[in-house]
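Just so you know, ligand 1 is whichever comes first in the structure, and atom 1 is the first atom listed for that ligand. Treat the numbers as computed from the prediction; the structure is a model and nothing was measured.
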Amino acid sequence: MSYTYKELGLSTTKEMFERANKNGFAVPAFNFNDMEMMQAIVGACAEMGSPVILQCSEGALKYMGKETVPLLGKAAVDIARAKGSDIPIALHLDHGETLEVVKTCIAAGFSSVMIDGSHHDYEANVKLTKEVVEYAHANDVVVEGELGILAGIEDNVKAEKSTYTKPEEVEDFLKKTNVDSLAIAIGTSHGAHKFKPGEDPKLRLDILAEIERKIPGFPVVLHGSSAVPAKYTEMIKQYGGQIKDAIGIPDEQLRLAAKSAVAKINVDTDGRLCFTAMIRKVFATDPKEFDPRKYLGPAREEMKAYYKEKIATIFGSEGAYKKADK
Ligand code: G3H
Ligand code: 13P
Ligand code: ZN
């Protein structure tokens, strides 16, 4: 089966980004890998009245399957509406690498795609991004491009070293590609190890300010923005897991970014840590338990509560739309 995102009740990011930039908040873009994570994300956002971008990586698409992902997106919309919330929900491809995967996602029912050409040289990035934008716009789908390289490791995106975005390139990139939003590199990175112990965990907010001066009002995207909370890394260790020297982005840095041109902030690692910490706790404290609902349920509840807290304290997107009943 093939759907358009409109048939699924999904939205693009256009209106939510306009509202975010006008009102000084950032839209949360939370990655999901399964039904429970989707339910935690939409539950949190609907109850807080926050717009949301349900984000699916190529790895997550392979894991869940292209038949399942769009219907989880539709379920998210139905859950929000059933709770009495009117929040817009976008289904977004995270770090798409090729035009082929973009085509697959748009045919499946995604409303937004990222084409990550940041690992190519500038001209090749422009060429690939432009091709994707032409295809996506013909289908009313919006596109996020990227300039600059984030360090860190995911299934598809591996980089040893980061390269900050060059502010002098952004106007030209926007003009040549016609992207709808732009991911930049200002010192964030993917995963749970964003800084070395002893390093000053600071973002280059000066580069962000310069980019904002070059492209006023244009929605900027921040990847690699997990806070990596000690409460979950400690819990993982307490219940038998191994995680060393995990350091995330300080809340205050993210709050400053959310108030600026940054209209979308990506968080994946925090959800993984929180979900895993809770499952470990159940396994360790109740070793006889083998009903998946008894460990996935508490993990889902914890993730929802934690994301509500993040919306209130980091994103500033609470109450941008009607709040749902609890
Ligand atoms: O930035 C990307 C996400 O953290 C996705 O990670 O490719 O392991 O699903 P993944
Ligand atoms: P984190 O690894 O910091 O959660 O970043 C997620 C991300 O950028 C997804 O695209
Ligand atoms: Zn990312």
Side-chain angles (χ1 to χ4, degrees), residues 13 26-34 37-38 40-41 52-66 68-69 72 90-98 101 105 110 112-119 143-159 162-163 165 179 181-195 201 203 219-230 232-233 236 243 245-251 253-254 257-258 262-277 303 306-307 310-311 314-315:
T13 53
V27 178
F30 293 131
N31 288 68
F32 71 110
N33 298 146
D34 58 24
M37 288 181 165
M38 175 279 287
I41 294 166
V52 63
I53 298 168
L54 274 174
Q55 204 155 251
C56 178
S57 68
E58 285 195 35
L61 183 68
K62 265 195 214 120
Y63 177 76
M64 291 183 275
K66 67 178 185 330
T68 302
V69 173
L72 289 179
L91 180 63
H92 174 79
L93 168 67
D94 191 26
H95 293 285
E97 293 221 309
T98 59
V101 71
C105 287
F110 282 55
S112 173
V113 293
M114 175 188 191
I115 182 71
D116 183 356
S118 65
H119 299 266
V143 180
E144 173 185 327
E146 177 162 337
L147 269 181
I149 300 175
L150 268 73
I153 296 184
E154 307 105 43
D155 285 355
N156 282 303
V157 187
K158 296 187 179 58
S162 61
T163 313
T165 305
V179 281
S181 60
L182 181 70
I184 60 164
I186 56 166
T188 62
S189 62
H190 293 111
H193 303 87
K194 302 187 189 296
F195 301 96
L203 302 183
V220 169
V221 177
L222 219 52
H223 282 247
S225 298
S226 279
V228 189
Y232 294 126
T233 54
I236 286 175
I243 185 158
D245 295 335
I247 305 174
I249 312 289
D251 287 356
Q253 299 275 299
L254 290 171
V262 171
K264 170 177 182 266
I265 294 184
N266 286 12
V267 169
D268 184 1
T269 299
D270 282 351
R272 293 176 173 192
L273 292 170
C274 158
F275 208 78
T276 300
M303 192 172 174
Y306 175 56
Y307 278 173
K310 273 183 99 74
I311 287 165
I314 307 287
F315 294 94

For ligand 2, does [X] get within less than 4.0 Å through its side chain, its backbone, both, or neither, judged by non-hydrogen atoms?
{"X": "Ser225", "value": "backbone"}
{"X": "Asn31", "value": "side chain"}
{"X": "Val267", "value": "backbone"}

Please name the pair of heavy atoms, one in [X] and one in [Y], separated by the smallest distance, quoted to 0.1 Å.
{"X": "Leu61", "Y": "Phe110", "value": "CD1-CZ, 4.1 Å"}
{"X": "Leu72", "Y": "Phe32", "value": "CD1-CE1, 3.9 Å"}
{"X": "Ser225", "Y": "Thr188", "value": "OG-CG2, 4.3 Å"}
{"X": "Gly248", "Y": "Lys194", "value": "CA-CD, 3.9 Å"}
{"X": "Ala40", "Y": "Met303", "value": "CB-CB, 3.8 Å"}
{"X": "Phe30", "Y": "Val52", "value": "CD1-CG2, 4.4 Å"}

Close-contact set for ligand 1 against Asp94 heavy atoms, below 4.0 Å | 1 (O), 2 (C), 3 (C)

Check whether any side-chain heavy atom of Asp270 lies under 4.5 Å from a side-chain heavy atom of Lys310, and answer yes or no.
-> yes

Side chain, backbone, both or neither: which part of Met114 has a heavy atom under 4.0 Å from ligand 1?
-> neither

Ligand 1 contact on His95 by region, counting heavy-atom pairs under 4.0 Å | side chain

Is the closest N or O pair between Asp270 and ligand 2 shorter than 3.5 Å?
-> no

Should Asp268 be counted as touching ligand 1, given the test is an N or O pair under 3.5 Å?
-> yes

N or O pair under 3.5 Å between Asn33 and ligand 1 = no

May I ask which of Arg272, Glu146, His223, Lys194 has a heavy atom nearer to atom 3 (O) of ligand 2 than the others do?
-> Lys194

Can you say whether the rings of His190 and His95 are parallel (under 30°), tilted (30 to 60°) or perpendicular (over 60°)?
-> perpendicular

Residue set satisfying side chain to side chain donor-acceptor pair (under 3.5 Å) with Asp268, at least two apart, ordered chain then number -> Arg272

Looking at ligand 1, does His190 have a heavy atom less than 4.0 Å from it?
-> yes

Does Gly59 come within less than 4.0 Å of ligand 1, judged by its heavy atoms?
-> no

Numbered atoms of ligand 2 (with element) below 4.0 Å of His190, judged on heavy atoms | 2 (O), 5 (O), 6 (C), 7 (C), 8 (O), 10 (O)

For ligand 2, which atoms, with element, lie under 4.0 Å from some heavy atom of His95?
-> 10 (O)

Give, rounded to 10 degrees, the angle between ND1 (His223) and NE2 (His190) as seen from the Zn ion (ligand 3).
-> 130°

Residue set satisfying side-chain contact (heavy atoms from CB on, under 4.5 Å) with Ala185, at least two apart, ordered chain then number -> Leu150, Thr165

